[in-house]
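Everything on this sheet refers to the single structure shown next.
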Amino acid sequence: MPDATHARIEDLVLRADEAVRQAEKRAADRQHPRGKLTVRERVERFVDPGSFVQIDAFTRHRGGEDDRPYGDGIVAGHATVDGRPVCLYAQDFAVFGGSLGEASAATAQKVLDLAVKIGCPVVGINDGGGARIQEGVAALAGYAGLARRHAAASGVVPQISLILGPCAGGAVYTPALTDFTVVVRKTSYMVVTGPDVVRAATGVEATLDELGGADTNATVSGNAHHLADDEDDALDWVRTLLGFLPANNRDPVPEYADDTSPGLTATDYELRGIVPDSENAAYDVTEVVSRVVDDGDLLAVHDGFARNMFCAFGRVAGRTVGVVANQPAHNAGVLDIDASEKAARFVRFCDAFGIPILTFADVPGYLPGVEQERGGIIRRGAKLVYAYSEATVPLVTVVVRKAYGGGYAVMGSKHLGADVNLAWPTARIAVVGAEGAVQVLHRRELAGLSGAARAEREREIADRLRHSHSSPYLAAELGYVDAVIDPADTRVAVARALRLLRGKTVGVPFRKHGNIPL
Ligand code: HXC
């Protein structure tokens, strides 16, 4: 009957109004005074205009009769970003503080299941109080079920978390399971326990910022991979990131037209003048990397954390690569616990999603020290060795200057499975640096000297060792580097190598999974 249909459509309009417009008004009243966007504003700014399709807009919690808002504190669905599908869920802080109940958890789980089925990235926007206290174990079950799905989706589809408000307690472990986490200065918090609990349990006074503010997570603990200035910056960063990534672990990386010059350019020649002659002088490795990737375009990951290691996405000849580079501008580019873990996770992400890895080595070795040894540099440093060793994607390595000791071995060496290893004539590859070698190999002789005579003799032997022990031609003689190249040729040589390796396949014997040192 037309009238009945008309009435039902009107009823739908009213419900939709309650689910969207009224909810949005409530959210704006709550969020705007705090300098935060509403959940729908976030979604709309993130995706292509008009592309968002919400699912479960009418879901409600199954508790008492009163206060059962539509959506149950989550806005979820699918959309496109730059024309490519993406699934997403976003917590609505204006509804039960964005806490996850049984119903909203079911929606988030549904979105993850959908992302895995159709093979597209999934983005979670976190802004809430964690498991909904009123719902007790049902809320915990919902969160745990979500965590399990994030773990199952790991290595299948890219997973990205935005923290745009609080994320506390066990709730932190859902973003922690995803591949990339973005925080916003001043408004993001990620803590297992806040200041009150810390004081009560340990007697230590610490502010929320110190424990889990955006800066802490992005620069000290490394829980966050990007520190954004504001929400728009955070959403932009994620959109840019998605542009580098394949939709899933079976799809190829996005490919752009290759408009790079096949011949050497003025920028290529600049590569001859960046690395200082002195092996101990600092320089910024991004000056090298940006001259090798297309248009100097790099998206740094974990930029504020373990700055002695540089990890970034870029493109070579139109296709995505993951760049791993020691950063001599910070702590001489030494390998320490944080740098090893940062690079290991990045290498594993790239490997899982078929992204070739381009390594630039300039490393004095692993960092000595009580703190590092007691902190687990052996167990935790092993992660990077493991990550490179298990990687089956194309691996291209350029040794630009120092590659000493374990640092040589781990930074994409031939022995861990790299396919094409190049060295600049400025490369120094050895078990230890010449100065260190003098002290070990000539200790007895030097003990008989002192003052200027000793210093002079040390310098003399070090100069000799530099030629006899650390020349790149020794590694080239053994086939450990495939070619010693003019730095100016790097971009063209890397592009050629990556083109060659497009068809790389590696047979892997059956195993349930390896046991990476954790
Ligand atoms: C139900 C919650 C809630 C929660 C907040 N609210 N957290 N409701 N369950 N977990 C409600 C508040 O009652 C309030 O409702 C509204 O949300 C806003 O909260 P405020 O406290 O006023 O806001 P603010 O001062 O900004 O503080 C936000 C907060 C704080 C830091 C998130 O609310 C908080 O600490 N919440 C509890 C966090 C927590 O312990 N969660 C459990 C984590 S364990 P009204 O009606 O007043 O507006 C967990 C297990 C997951 O999540 C397991 C994963 C495997």
Side-chain angles (χ1 to χ4, degrees), residues 22-39 59-64 66-75 89-109 111-112 124-154 159 161-178 181 183-201 206-214 216-217 223 231:
Q22 292 177 39
E24 188 58 7
K25 175 157 186 345
R26 202 170 43 232
D29 292 346
R30 185 110 204 187
Q31 296 286 84
H32 289 172
R34 301 173 184 216
K36 290 158 67 176
L37 298 174
T38 69
V39 66
T59 195
R60 292 172 137 176
H61 72 76
R62 291 127 175 107
D66 39 280
D67 201 18
R68 296 174 63 225
Y70 282 138
D72 197 44
I74 202 156
V75 171
Y89 68 84
Q91 295 167 350
D92 183 354
F93 192 82
V95 177
F96 303 127
S99 60
L100 214 64
E102 185 193 2
S104 44
T107 298
Q109 292 177 8
V111 159
L112 266 153
I125 299 181
N126 296 262
D127 182 5
R132 190 169 303 154
I133 294 164
Q134 303 88 311
E135 295 193 33
V137 71
L140 291 175
Y143 240 123
L146 182 59
R148 178 163 169 251
R149 280 168 175 80
H150 275 302
S154 180
Q159 303 183 83
S161 299
L162 287 133
I163 313 295
L164 302 185
C167 182
V172 294
Y173 290 112
T174 38
L177 291 169
T178 63
T181 297
V183 290
V184 175
R185 222 180 275 282
K186 296 203 177 83
T187 51
S188 300
Y189 295 96
M190 268 206 291
V191 282
V192 170
T193 48
D196 297 345
V197 176
V198 169
R199 189 184 314 107
T207 64
L208 186 55
D209 271 332
E210 287 166 343
L211 290 170
T216 302
N217 277 304
N223 295 323
E231 294 197 11

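Note that the coordinates shown come from a computational prediction; the quantities given were computed from them, not determined experimentally. Both counts, for ligands and for their atoms, begin at 1 and track the order of listing.
The backbone N or O of Ala176 lies less than 3.5 Å from no partner atom in the side chain of His150, so there is not a single donor-acceptor pair. Listed for the Thr187 side chain is no donor-acceptor partner under 3.5 Å among the backbone atoms of Gly165. No donor-acceptor pair closer than 3.5 Å links the side chain of Glu102 to the backbone N or O of Arg62. Remark: the backbone N or O of Gly145 is paired with a side-chain donor or acceptor of Arg149 at under 3.5 angstrom.
The one candidate from Arg132, Arg60, Glu135 that meets the side chain to side chain contact (heavy atoms under 4.5 Å, CB included) condition with Ser104 is Arg132. A side chain to side chain contact (heavy atoms under 4.5 Å, CB included) with Ile163 is found for exactly one of Thr181, Asn217, Val184, namely Thr181.
Protein heavy atoms are absent from the 4.0 Å sphere centred on atom 21 (O) of ligand 1. Within a 4.0 Å radius of atom 17 (O) of ligand 1, the protein has at least one heavy atom. Proximity of atom 49 (C) of ligand 1 to the protein is indicated by at least one non-hydrogen atom lying closer than 4.0 angstrom. For atom 27 (O) of ligand 1, no protein heavy-atom neighbour is found at a distance under 4.0 Å. Put simply, atom 9 (N) of ligand 1 has protein non-hydrogen atoms near it, under 4.0 Å away. For atom 38 (C) of ligand 1, a protein non-hydrogen atom is found at a distance below 4.0 Å. Taking a distance limit of 4.0 Å, we find that atom 53 (C) of ligand 1 is approached by some protein heavy atom. Within a 4.0 Å radius of atom 35 (O) of ligand 1, the protein has no heavy atom.
For ligand 1, the atoms lying closer than 4.0 Å to a non-hydrogen atom of Leu140 are 50 (C). Which parts of ligand 1 touch Arg132 is read off a 4.0 Å heavy-atom cut-off, strictly below it: atoms 1 (C), 9 (N). Less than 4.0 angstrom separates some heavy atom of Arg30 from each of these atoms of ligand 1: 16 (C), 18 (C), 22 (O), 48 (O). Close contacts of ligand 1 with Gly130, meaning ligand atoms under 4.0 Å from a residue heavy atom, involve 52 (O).
The nearest protein atom to atom 1 (C) of ligand 1, hydrogens excluded, is given as Gln134 OE1, 3.1 Å; this is a heavy-atom distance. Regarding atom 4 (C) of ligand 1, its nearest protein heavy-atom neighbour is Ser99 CB, 3.6 Å. Pro166 CB, 4.1 Å is the protein heavy atom nearest to atom 31 (C) of ligand 1. Protein heavy atom nearest atom 44 (S) of ligand 1, with residue, atom name and distance: Gly170 N, 3.5 Å. In terms of protein heavy-atom proximity, atom 6 (N) of ligand 1 is nearest to Phe96 O, 3.9 Å.
Proximity of Leu100 to ligand 1, defined as any heavy-atom pair under 4.0 Å, is not found for any part of the residue. Only the side chain of Arg34 comes within 4.0 Å of ligand 1, judged by heavy-atom distances. Here Tyr173 has no heavy atoms under 4.0 Å from ligand 1, in either its backbone or its side chain. Both the backbone and the side chain of Ala131 come within contact range of ligand 1, each with a heavy atom under 4.0 Å.
Among all heavy-atom pairs drawn from Tyr143 and Gly130, the shortest one is CE1-C, 3.4 Å. The shortest heavy-atom contact between Thr178 and Gln159 is CB-O, 3.6 Å. When every heavy atom of Leu177 is checked against every heavy atom of Ala147, the shortest pair comes out as CD1-O, 3.4 Å. When every heavy atom of Lys186 is checked against every heavy atom of Ala214, the shortest pair comes out as N-CB, 4.4 Å. In this structure, Gln91 and Leu100 approach most closely via the heavy-atom pair NE2-CD1, 4.4 Å.
For atom 42 (C) of ligand 1, the choice among Ala139, Gly129, Gly169 with the nearest heavy atom turns out to be Gly129. When the heavy-atom distances from atom 43 (C) of ligand 1 to Ala171, Gly101, Ala168 are ranked, the shortest goes to Ala168.
Around OH of Tyr173, the count of heavy atoms belonging to other residues, nucleotides or ligands within 6.0 Å does not exceed 12.
For Phe93, the closest heavy-atom approach to ligand 1 falls below 4.0 Å.
With salt bridges taken as basic N to acidic carboxylate O contacts below 4.0 Å, one links Arg199 and Asp196.
In this view, Gln134 satisfies the side-chain hydrogen bond (donor to acceptor under 3.5 Å, both in side chains) rule with no residue, not counting sequence neighbours.
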